[in-house]
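The next block holds one structure in the form of structure tokens; read it before the comments.
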Amino acid sequence: MNRNKISIILGIVCLILSIAIVVQIKTIKGTSSTVAKSFSEDSLRDEVLKWKEKYDNETRNVENAEKELIKIREEITKNDTTASSKEEEITLNNNLLGFTNLEGKGIELTVKDDPNATRETISVVDDISNHIVHDGDLRRIVNELKNAGAEAISINDQRIVTTTAITCIGNVIKINDEKVSSPFVIKAIGFPERLETALNRGGGYLDWLNDDGIVTSIRKLDNVKITKYTGVISSKYMK
Amino acid sequence: MIFIAIIIGCIIGALIGINIPTIPYTYSGYLAIAIIAALDSVFGGITSTLKRNFDMKIFISGFFVNAILAIALTYLGEKLNVDIYLAAVIVFVGRMFNNLGTIRRYYVEKLTSKKIIAKAEATIKQANEEK
């Protein structure tokens with residue numbers, strides 16, 4: 001076998017090889033992930049991104065449609081007194097049900113887990129569970145706010161509506177089927193002074209929480225913004 | 001001569017590779033295993049050249065059949081949810097090291113024999129001068 005011929009063949013093979021290597025490096029560089037464990041993982045990621053995009057588009061469409069609906073209603077009821085009073089009633093009911101974004105005077109309460117509590121810093125007879133915010137704490141705060149005349153309440157932007165349940169699921173809390181965790185920002189619309197004193201009074205519930213090291217702070221605001229309830233209230237069995 | 005050809009081939013290949021488009025990410029796993037197979041073939045080719053038993057048919061067929069079989073095994077492993085490509089990688093890389101060992105041995109021996117010959121020649125020269 002001629003040595004030159006061998007060289008040429010090996011050269012051609014190396015040419016193919018280095019083309020492949022460079023293409024491979026370029027391909028790997030183009031993707032965001034460093035290592036894909038399997039090929040299916042890749043397609044799943046792709047699918048998720050596509051669905052997310054679709055979901056965002058649909059949400060935007062719904063918002064636009066709602067705006068249009070309000071505009072049309074206003075236009076129609078402009079010159080009709082009975083219709084306009086009905087319209088007002090509908091708006092009021094929607095506000096009460098939690099289907100609209102609201103603004104108004106109120107308070108913003110922040111409740112945070114005890115930042116200093118570890119197994120070392122608490123005493124032997126103490127329970128570390130006392131130093132974190134539980135679902136029951138939130139329920140009692142909400143109850144206290146309602147008692148003080150709060151007209152609309154939200155926790156971490158989850159609107160408290162008639163069907164809302166506040167439950168514990170492991171290390172987070174579930175409100176309206178959404179997970180929320182500390183720090184909890186509780187917004188309430190109502191008479192600010194009354195809401196504040198209801199929570200802050202001596203022997204009140206925040207007092208109990210503060211004793212356990214849970215950090216709370218209240219701000220009185222002229223313009224509290226509360227977002228609407230995004231879920232669906234079903235009426236299947238009501239008659 | 002062989003090494004010059006290999007280096008030239010690599011440089012030209014890299015230049016071409018930079019200018020052509022990339023492949024879909026899904027197939028990059030297959031290309032990777034084909035690259036390993038091709039690398040193994042190149043080392044095998046160099047070794048057989050040094051041993052003077054290089055056969056073009058064996059080399060070319062080995063290059064393609066190895067690569068295709070490795071890709072097919074990877075595909076099968078993908079379907080069976082077993083990482084068969086790992087077996088191909090182990091075999092190819094193991095063979096690469098074997099071939100590399102043979103190449104290294106060849107050049108080290110060549111260098112050592114050259115030194116011994118030079119030493120012998122010097123001794124003979126000295127003996128002649130002493131006469």
Side-chain angles (χ1 to χ4, degrees), chain A residues 1-62 169-172 174 177-179, chain B residues 1-46 48-50 52-60 62-64 67 74-75 77-79 81-83:
Chain A
M1 193 91 200
N2 191 346
R3 238 180 139 79
N4 282 348
K5 226 175 168 183
I6 298 171
S7 315
I8 290 167
I9 291 166
L10 276 177
I12 291 167
V13 169
C14 284
L15 185 117
I16 297 168
L17 182 63
S18 52
I19 290 175
I21 290 174
V22 171
V23 168
Q24 173 78 349
I25 291 170
K26 266 166 70 181
T27 309
I28 297 293
K29 239 188 192 171
T31 55
S32 56
S33 69
T34 48
V35 179
K37 281 194 183 113
S38 66
F39 301 114
S40 57
E41 197 175 292
D42 217 52
S43 57
L44 280 177
R45 197 181 300 135
D46 212 49
E47 203 100 316
V48 167
L49 286 175
K50 270 183 202 159
W51 277 111
K52 215 173 174 184
E53 213 175 65
K54 249 186 210 170
Y55 176 80
D56 285 346
N57 280 340
E58 290 302 317
T59 322
R60 217 169 299 138
N61 282 346
V62 169
I169 46 165
N171 54 358
V172 288
K174 194 175 80 174
D177 284 333
E178 295 280 344
K179 290 172 194 161
Chain B
M1 181 64 198
I2 290 173
F3 291 104
I4 294 170
I6 288 174
I7 291 167
I8 290 173
C10 284
I11 292 170
I12 295 171
L15 289 178
I16 295 172
I18 288 169
N19 291 315
I20 62 172
T22 58
I23 56 160
Y25 184 76
T26 323
Y27 302 115
S28 66
Y30 298 119
L31 185 59
I33 204 76
I35 287 170
I36 305 281
L39 258 180
D40 169 59
S41 293
V42 169
F43 276 102
I46 296 170
S48 58
T49 314
L50 296 178
R52 295 182 190 287
N53 58 356
F54 184 87
D55 187 335
M56 172 117 88
K57 281 172 210 153
I58 290 175
F59 178 71
I60 298 288
F63 180 76
F64 287 109
T74 311
Y75 180 74
E78 168 71 19
K79 291 287 163 231
N81 200 17
V82 180
D83 295 336

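Within the model, atoms CG of A:L15 and CD1 of B:I6 stand 12.5 Å from one another, a figure rounded to the nearest 0.5 Å. Once rounded to the nearest 0.5 Å, the distance linking CG of B:L39 with OG of A:S18 reads 10.0 Å. The distance from the CD1 atom of B:I36 to the CG atom of A:L17 is 9.5 Å, given to the nearest 0.5 Å. The OG atom of B:S48 sits 7.5 Å away from atom CD1 of A:I6, with the distance rounded to the nearest 0.5 Å. Atoms CD1 and CG, on A:I19 and B:L15 in that order, are 10.0 Å from each other to the nearest 0.5 Å. Taking CD from A:Q24 and OH from B:Y30, the interatomic distance works out to 13.0 Å, rounded to the nearest 0.5 Å.
With a threshold of 4.5 angstrom between heavy atoms, B:I4 does not approach chain A through any atom at all. With a 4.5 Å cut-off on non-hydrogen atoms, B:I8 does not touch chain A at all. Only the side chain of B:F59 comes within contact range of chain A, with at least one heavy atom under 4.5 Å from a heavy atom of that chain.
Taking every heavy atom of both residues into account, B:V42 and A:L10 meet most closely at O-CD2, 4.2 Å.
Top candidate by heavy-atom pairs under 4.5 Å with chain A, chosen from B:C10, B:A5, B:A38, is B:C10. Contact count versus chain B (heavy atoms, under 4.5 Å) is highest, among A:G11, A:A20, A:C14, for A:C14.
Around atom CZ of B:F3, more than 12 heavy atoms belonging to other residues, nucleotides or ligands sit under 6.0 Å away. For B:N81, the CG atom sits in a loose shell: 12 or fewer heavy atoms of surrounding residues, nucleotides or ligands are nearer than 6.0 Å.
In this structure, the side chain of A:K26 engages the main chain of B:G17 through a donor-acceptor pair within 3.5 Å.
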